[in-house]
Amino acid sequence: NAGVTQTPKFQVLKTGQSMTLQCAQDMNHNSMYWYRQDPGMGLRLIYYSASEGTTDKGEVPNGYNVSRLNKREFSLRLESAAPSQTSVYFCASSGYGGAYGYTFGSGTRLTVV
Amino acid sequence: AQRVTQPEKLLSVFKGAPVELKCNYSYSGSPELFWYVQYSRQRLQLLLRHISRESIKGFTADLNKGETSFHLKKPFAQEEDSAMYYCALSGSARQLTFGSGTQLTVLP
């Protein structure tokens, strides 16, 4: 099925550990995004990539890094996890400048203890 | 700067009653507005876009530029409509800014 695939679905980290969240899309979209979802705060943009080879900070980039590996893949890395990064992370992609909205992945539920 | 406000965190209605989920936005240009729905522990799904003026699952939303609003409406709520609803705005940078969401519960 076409869409956005995220791995892993669940993860528990200890404070200070690092990990990479993977995201891949097969819709030939140019733009990809990482959001975090927290209760009462909606979705907040962490980083985005408007096209292959470019990445930019969003609203809440601190503590994260990203890599646009190719047109299909966009990964999010936590170098030293903190409890404040406990959240649900969603990857999304869009084509046509986002005119038709974004397609979201199923999310990664991350807990940092 | 672009901003989306959903004033109601929680909204409960009875089955068959009309429902309106409020969304107000702040943006200096011409925005593109969307409603997304998230059923329990599932991914966000696009519900509708203002530019298409469509009705999906009985829901409609009209952009009111004078009031800077994009409220989502349905005349007769169903239990399967229970979900989290997010209003979102896309500005010139083509990034979606989301509101904080409204959890809709349709009671039997």
Side-chain angles (χ1 to χ4, degrees), chain A residues 1-7 9-10 21 23-25 27 29-51 54-61 66 74 87-109, chain B residues 1-11 21-27 29-54 56 59 61 70 72 83-103:
Chain A
N1 290 336
V4 179
T5 304
Q6 286 183 240
T7 56
K9 292 191 183 302
F10 302 94
L21 281 65
C23 175
Q25 54 91 9
M27 295 171 288
H29 285 169
N30 286 323
S31 303
M32 298 185 73
Y33 312 84
W34 277 104
Y35 283 87
R36 59 178 289 173
Q37 182 185 41
D38 300 292
M41 305 190 76
L43 282 85
R44 292 179 292 168
L45 183 64
I46 305 171
Y47 270 93
Y48 67 100
S49 172
S51 61
T54 68
T55 60
D56 287 286
K57 295 178 180 180
E59 181 185 354
V60 289
V66 290
F74 189 39
S87 187
V88 181
Y89 292 85
F90 286 97
C91 178
S93 69
S94 72
Y96 304 102
Y100 296 96
Y102 293 4
T103 300
F104 282 84
S106 57
T108 296
R109 189 170 294 271
Chain B
Q2 54 195 58
R3 186 180 183 92
V4 177
T5 302
Q6 294 179 251
E8 304 141 327
K9 291 190 186 303
L10 303 171
L11 182 63
L21 289 82
K22 291 183 168 49
C23 172
N24 289 91
Y25 67 89
S26 173
Y27 183 65
S30 293
E32 293 178 13
L33 287 148
F34 305 83
W35 276 99
Y36 281 82
V37 60
Q38 186 181 30
Y39 300 102
S40 180
R41 298 214 168 207
Q42 295 186 23
R43 70 183 71 198
L44 277 81
Q45 304 172 35
L46 178 64
L47 183 59
L48 53 80
R49 306 171 291 148
H50 92 269
I51 58 175
S52 61
R53 302 186 65 80
E54 57 202 342
I56 303 295
F59 285 98
F70 188 55
L72 183 68
M84 178 71 84
Y85 291 81
Y86 289 100
C87 182
L89 179 154
S90 176
S92 59
R94 297 295 186 180
Q95 299 165 30
L96 274 182
T97 297
F98 286 85
S100 55
T102 297
Q103 178 69 50

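Letters A, B, ... mirror the listed sequences (proteins, then strands); counts begin at 1.
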Engineer: Tell me the closest heavy-atom pair linking B:Ser100 and A:Gly40, and the distance in Å.
Structural biologist: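 Here B:Ser100 and A:Gly40 meet closest at CB-O, 3.6 Å.
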
Engineer: What part of B:Gln38 is in contact with chain A, defined as an atom under 4.5 angstrom from a non-hydrogen atom: side chain, backbone, both or neither?
Structural biologist: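 Just its side chain gets close to chain A.
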
Engineer: Is A:Arg109 in contact with chain B via its backbone, its side chain, both, or neither, using a 4.5 Å heavy-atom distance?
Structural biologist: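 Just the side chain, heavy atoms under 4.5 Å.
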
Engineer: Shorter than 4.5 Å, heavy atoms on both sides: which option in B:Val4, B:Leu44, B:Thr97 has the most such pairs with chain A?
Structural biologist: B:Leu44

Engineer: Can you tell me how far apart NZ (A:Lys9) and CZ (B:Arg41) are? Round to the nearest 0.5 Å.
Structural biologist: 13.0 Å

Engineer: Got a second to check how far A:Gln6's CD is from B:Arg43's CZ, nearest 0.5 Å?
Structural biologist: 8.0 Å

Engineer: Taking every non-hydrogen pair under 4.5 Å, which of A:Gly42, A:Ala92, A:Gly58, A:Ala50 racks up the most with chain B?
Structural biologist: A:Gly42

Engineer: Applying side chain to side chain contact (heavy atoms under 4.5 Å, CB included) between B:Leu96 and each of A:Tyr33, A:Tyr48, A:Tyr35, report the one that passes.
Structural biologist: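 Testing B:Leu96 for a side chain to side chain contact (heavy atoms under 4.5 Å, CB included) against A:Tyr33, A:Tyr48, A:Tyr35 leaves exactly one candidate, A:Tyr35.
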
Engineer: Atom CZ in B:Phe34, atom OH in A:Tyr102: separation rounded to 0.5 Å?
Structural biologist: 8.0 Å

Engineer: Tell me, for A:Leu45 versus chain B, whether the close heavy atoms (under 4.5 Å) come from the side chain, the backbone, both or neither.
Structural biologist: side chain

